[in-house]
Amino acid sequence: VARRLSLSKHPECHSMSGGKAIEHLAQAGDRHRHMFRVPMQHYRNCDFSFSGLQNLVNKAIAQQEKEEGVQEGELLSCAKDIAAAAQHAVAAHIVKRTHRAMLFCIKHCIIPPKNATLVVSGGVASNQYIRKGLQIVADANSFTFLCPPPRLCTDNGVMIAWNGIERLRAELGVLNCTDGIRYEAT
């Protein structure tokens, strides 16, 4: 969504990642100006899918470009509203599917009720709007909510690489032979 909205050109967002730019602009946007259907509402499972939502957002952006008479890649006057609506739909999808998963785990005794914990990490966990929604659903179901500070909620690729370094240092079966392997913090 950030790429399609060309937020790297936006004066408030030029140095931000896409997700951070969406969150920043959404704070000043009107999410009701563009209503995006929450994905997979008719599926009674715990799966996630954002492709349908992406298509809806892309169509709305194309329509707005046409209405405003701007070319693809130019900034829209309603970028904040689209960001707010997209963020809300993503958050609603994540919260609803996570809630379904929590109820499934409770029903099938997969998680002990006294120590039920929802852990959220990775880049999406840095979004305060999504984090707040997950905190609400965790509290409503008596789950402890654990989430690292936003500065530690980095890209999953970085987190996976860091996990690999830690496992390598601890000699936890990453490689049979670590001779000749060098790693350093950057």
Side-chain angles (χ1 to χ4, degrees), residues 1-4 16-60 80-167 170 172-173:
V1 173
R3 189 176 310 117
R4 185 61 182 85
M16 296 179 185
S17 67
K20 188 67 180 166
I22 293 289
E23 181 180 14
H24 174 75
L25 291 181
Q27 292 173 351
D30 178 0
R31 71 178 175 88
H32 298 290
R33 183 154 179 238
H34 297 274
M35 300 296 284
F36 298 122
R37 190 174 58 250
V38 177
M40 302 178 68
Q41 292 187 69
H42 303 302
Y43 292 90
R44 300 177 78 60
N45 59 34
C46 303
D47 297 343
F48 293 92
S49 177
F50 297 94
S51 59
L53 177 58
Q54 182 178 355
N55 288 335
L56 290 173
V57 174
N58 286 341
K59 286 178 184 177
K80 291 179 180 184
D81 298 333
I82 291 174
Q87 176 181 254
H88 179 74
V90 166
H93 183 49
I94 291 171
V95 169
K96 286 179 181 184
R97 304 316 271 184
T98 301
H99 185 223
R100 287 184 73 74
M102 293 165 81
L103 295 176
F104 178 87
C105 290
I106 291 167
K107 179 180 179 181
H108 295 285
C109 301
I110 295 171
I111 296 175
K114 289 187 178 182
N115 295 322
T117 303
L118 175 63
V119 178
V120 181
S121 64
V124 73
S126 67
N127 182 295
Q128 295 300 308
Y129 191 80
I130 294 171
R131 188 186 285 233
K132 183 178 178 182
L134 290 169
Q135 176 75 63
I136 290 168
V137 79
D139 291 346
N141 289 282
S142 301
F143 274 59
T144 300
F145 183 74
L146 295 178
C147 196
R151 66 182 176 78
L152 298 178
C153 296
T154 60
D155 178 81
N156 285 338
V158 173
M159 295 177 77
I160 291 167
W162 184 259
N163 182 313
I165 289 171
E166 293 299 322
R167 291 179 62 82
L172 291 174

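- Looking only at side-chain heavy atoms (C-beta outward), M40 and H93 come within less than 4.5 Å of each other.
- To the nearest 0.5 Å, atom CD of residue Q128 and atom NE2 of residue H24 are 14.5 Å apart.
- Nearest heavy-atom pair, F50 versus I94, reported as atom, atom and distance to 0.1 Å: CZ-CG1, 3.8 Å.
- For the pair D81 (side chain) and D30 (backbone), a donor-acceptor distance under 3.5 Å is present.
- To the nearest 0.5 Å, atom CZ of residue R3 and atom CG of residue N58 are 10.5 Å apart.
- Among all heavy-atom pairs drawn from V120 and P148, the shortest one is O-CD, 3.1 Å.
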| query | Can you check side chain to side chain contact (heavy atoms under 4.5 Å, CB included) on R97 and N45, steps first, answer last? | reply | CA-CA 8 Å; R97 304 316 271 184; N45 59 34; 2.4 Å; yes

Less than 3.5 Å apart, which donor and acceptor atoms pair up between the side chains of residues 101-116 and the rest of the protein, not counting sequence neighbours?
none

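- For the pair V90 and F36, the minimum side-chain heavy-atom distance is 4.5 Å or more.
- The two residues E23 and Y129 make their nearest non-hydrogen contact at OE2-N, 4.1 Å.
- Rounding to the nearest 0.5 angstrom, the gap separating the CZ atom in R4 from the CD1 atom in I82 is 9.0 Å.
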| Full working for side chain to side chain contact (heavy atoms under 4.5 Å, CB included) between L134 and V95 | CA-CA 6 Å; L134 290 169; V95 169; 4.1 Å; yes

Determine all donor-acceptor pairs shorter than 3.5 Å in which one atom belongs to a side chain in residues 135-144; sequence neighbours excluded.
| residue | atom | partner | partner atom | Å |
| --- | --- | --- | --- | --- |
| Q135 | NE2 | D139 | OD1 | 2.8 |
| Q135 | NE2 | D139 | OD2 | 3.3 |
| N141 | ND2 | H99 | NE2 | 3.3 |
| N141 | ND2 | V137 | O | 2.8 |

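- Residues S126 and R131 come closest through the heavy atom pair CA-NH2, 4.2 Å.
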